[in-house]
Amino acid sequence: MRANQRQIKIGLYATSTGSNSSAWRHPNAVADLAANMKAEIRMAQMAERALMDFVFLADSTTMRGHAWDLLARGSHSYVAQFEPVTLLSALAAVTEHIGLVATSNTTYEEPYSLARRFASLDLLSGGRAGWNLVTSSNLEEATNFNTAEHPNHAKRYERALEFAEVCRKLWFTWDENAFPRDKQGGLFFDPGKLRLASHQGEHFSVRGPLNVPPSPQRHPVMVQAGASEPGKDMAARLAEVIFTSQDTLERAQAFYADVKGQMAQYDRRPEELLIMPGVTIYVASTEAEANAKKEEVLALVDPIVGRSMLQHMMEDVLDLSKYGDDDLLPLDMPITKGNRSYQQRYLQMTREGKTVRDIYQSVASIGYRVIGTPEQVADELQRWFEGEAADGFIYMMDYFPDSLSDFIEYVMPELQKRGLYRDAYAASTLRENLGLALPLPPQGLGAPVSSTREQTDRSRQIN
């Protein structure tokens, strides 16, 4: 590798059985991966042997869609799986280097609880945690949280921005070396190194401090996955990694330039944000064998399930039963309060002449597809990386373990041969391995507490 040569970052999309809704049906697939602790450990350790930057767990606080007969046929979106932070806390004990990124949604959460949970994961993993910040796009989630009304898109993002601000304040309530734990002097922590969050905003009033000490990377790496205009604005403001879905080099380049171009208005440099599109890889010794792997997986997709998934993403503004598999969707279909970026993508696919079948297969099998020999796959990844379309990729394995084994056997050695992929982990924290600097304290953080008077006064008010 040349001195200071940039290298591709790789994360593993480790949710459920992978990126394809029906790949769990493959004879070699671990169908119960999402609730099988032994398999989860094996997966995380394989990803670490592959020198990947992190495992990424998507999540939802509801099953996507309540058509039980369809869910039972194979649309396994969040049907039966571990809560992600709980799972990653267990995986932290059996790994040493790989990052641990969990999705947690701000719409039906409180900042203090989430900040405490992720600070704990970050501390017990030695600084390897990441938080994928999302707002709820699933209308069914509202009914799990004592409400029938789903907040509108703009309000969700306004609340999410303030939510993240509160979390960052809480993560900085303790300065470094704040805990002398001086047995002889009787001082457990230094009040001069304690700061209150002291947040008063439109959506939250949070005093703090957080009762978790700081981790080696100060706070979890901030990951974001929205592609709508508010989502891109949020990424430009605060994200350190953005997970995006792009299906052509040109669209990926446009997205890359757009988001990084917005960062300057928030006094951020482009290198402070890594853009990592999802990619599904079919690789073998020959191109024919790679194509056969792709066709084998797509043949498992149940059309009923694919259409149901597309109907769910389009919500109730479109009756998909009126359109056959070879038809086009209407171009005048409105964008709703749900997952706007995906809906806009489906409209764009329609403009390009993609049929209902094409679109529901893209829903059932997410991620840009790269198919071919190790050299062909590496060529395409390198083209995106060097063409300012990506700083790295989220590898969307179709199913475990074969998809991950293919990356280790075929893709990893070819990227290493080109100097585009690491030969060993360079550091102990996720932030360092991603090449990200330590975060600075947020504005508006309270002054250090220099005595116990404030706490005493507060205790008197409570009593």
Side-chain angles (χ1 to χ4, degrees), residues 85-86 88-102 104 109-131 162-201 204-222 238 240 425-434 436-463:
V85 176
T86 304
L88 293 181
S89 296
L91 296 182
V94 294
T95 56
E96 296 181 5
H97 303 288
I98 196 162
L100 306 164
V101 179
S104 191
E109 268 273 15
E110 288 293 327
Y112 191 93
S113 298
L114 184 143
R116 188 170 187 250
R117 194 159 62 246
F118 275 89
S120 297
L121 174 62
D122 205 30
L123 185 63
L124 65 84
S125 66
R128 293 187 282 135
W131 170 29
E162 187 178 341
F163 192 112
E165 179 185 356
V166 176
C167 287
R168 292 198 67 238
K169 287 179 179 178
L170 289 168
W171 287 326
F172 275 94
T173 51
W174 296 104
D175 292 348
E176 290 196 36
N177 305 316
F179 293 89
R181 298 182 177 91
D182 182 355
K183 293 182 179 180
Q184 196 168 23
L187 189 67
F188 189 79
F189 74 85
D190 182 351
K193 295 184 178 181
L194 165 65
R195 301 168 186 268
L196 301 181
S198 301
H199 181 87
Q200 295 288 336
F204 303 105
S205 175
V206 180
R207 173 179 172 271
L210 192 66
N211 60 347
V212 180
S215 82
Q217 64 173 2
R218 290 302 299 169
H219 72 60
V221 171
M222 302 290 283
L238 58 86
E240 297 171 288
Y425 287 105
S428 59
T429 71
L430 174 58
R431 187 174 295 281
E432 290 174 296
N433 281 320
L434 288 172
L436 299 169
L438 287 173
L440 297 173
Q443 295 181 353
L445 194 61
V449 177
S450 58
S451 72
T452 59
R453 176 177 296 174
E454 196 279 346
Q455 177 61 44
T456 301
D457 291 346
R458 176 67 175 170
S459 297
R460 287 171 178 165
Q461 292 174 18
I462 294 172
N463 296 330

On a heavy-atom basis, which atom in [X] and which in [Y] lie closest, and how many Å separate them?
X	Y	value
Ala178	Pro180	O-CD, 3.2 Å
Leu445	Ala197	CD1-CA, 4.3 Å
Gly130	Leu430	N-CD2, 4.2 Å

Donor-acceptor contacts, no H, no angles, side chain residues 213-220, under 3.5 Å, sequence neighbours left out:
unit_1: Ser215; atom_1: OG; unit_2: Asp122; atom_2: OD2; d: 2.4
unit_1: Ser215; atom_1: OG; unit_2: Gln217; atom_2: N; d: 3.2
unit_1: Ser215; atom_1: OG; unit_2: Arg218; atom_2: N; d: 3.4
unit_1: Gln217; atom_1: OE1; unit_2: Arg431; atom_2: N; d: 3.0
unit_1: Gln217; atom_1: NE2; unit_2: Asp122; atom_2: OD1; d: 2.8
unit_1: Gln217; atom_1: NE2; unit_2: Gly127; atom_2: O; d: 3.4
unit_1: Gln217; atom_1: NE2; unit_2: Ala129; atom_2: O; d: 2.9
unit_1: Arg218; atom_1: NH1; unit_2: Trp174; atom_2: O; d: 3.4
unit_1: Arg218; atom_1: NH2; unit_2: Trp174; atom_2: O; d: 2.9
unit_1: His219; atom_1: NE2; unit_2: Arg168; atom_2: NE; d: 3.3

Any side-chain heavy atom of Glu110 within less than 4.5 Å of one from Tyr112?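 Result no, sub-4.5 Å side-chain heavy-atom pair not found.
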Give the ring-plane orientation class for Trp131 versus Phe118, where under 30° counts as parallel, over 60° as perpendicular and anything between as tilted.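 Aromatic pair Trp131/Phe118 classed tilted.
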Would you list the pairs meeting side-chain hydrogen bond (donor to acceptor under 3.5 Å, both in side chains) in which at least one residue belongs to residues 90-99, sequence neighbours left out? Thr95-Arg128
Which residue pairs satisfy the side-chain hydrogen bond (donor to acceptor under 3.5 Å, both in side chains) criterion with at least one member in residues 189-200, sequence neighbours excluded?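 For residues 189-200: Glu162-His199, Lys169-His199, Asp175-Arg195, Gln200-Ser205.
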Under the 3.5 angstrom rule, does the side chain of Ser125 hit a backbone N or O of Ala92 as a donor-acceptor pair? no
Testing the 3.5 Å rule here: is there a donor-acceptor pair between the side chains of Thr429 and Glu432? yes
What's the spacing between [X] [atom1] and [Y] [atom2] if we round to 0.5 Å?
X	Y	atom1	atom2	value
Leu123	Ser89	CG	OG	11.0 Å
Ser104	Phe163	OG	CZ	6.5 Å
Ser113	Leu170	OG	CG	10.0 Å
Arg116	Trp171	CZ	CH2	14.5 Å

Knowing that exactly one of Val101, Leu88, Leu91, Thr86 qualifies, which makes a side chain to side chain contact (heavy atoms under 4.5 Å, CB included) with Leu121? Leu88
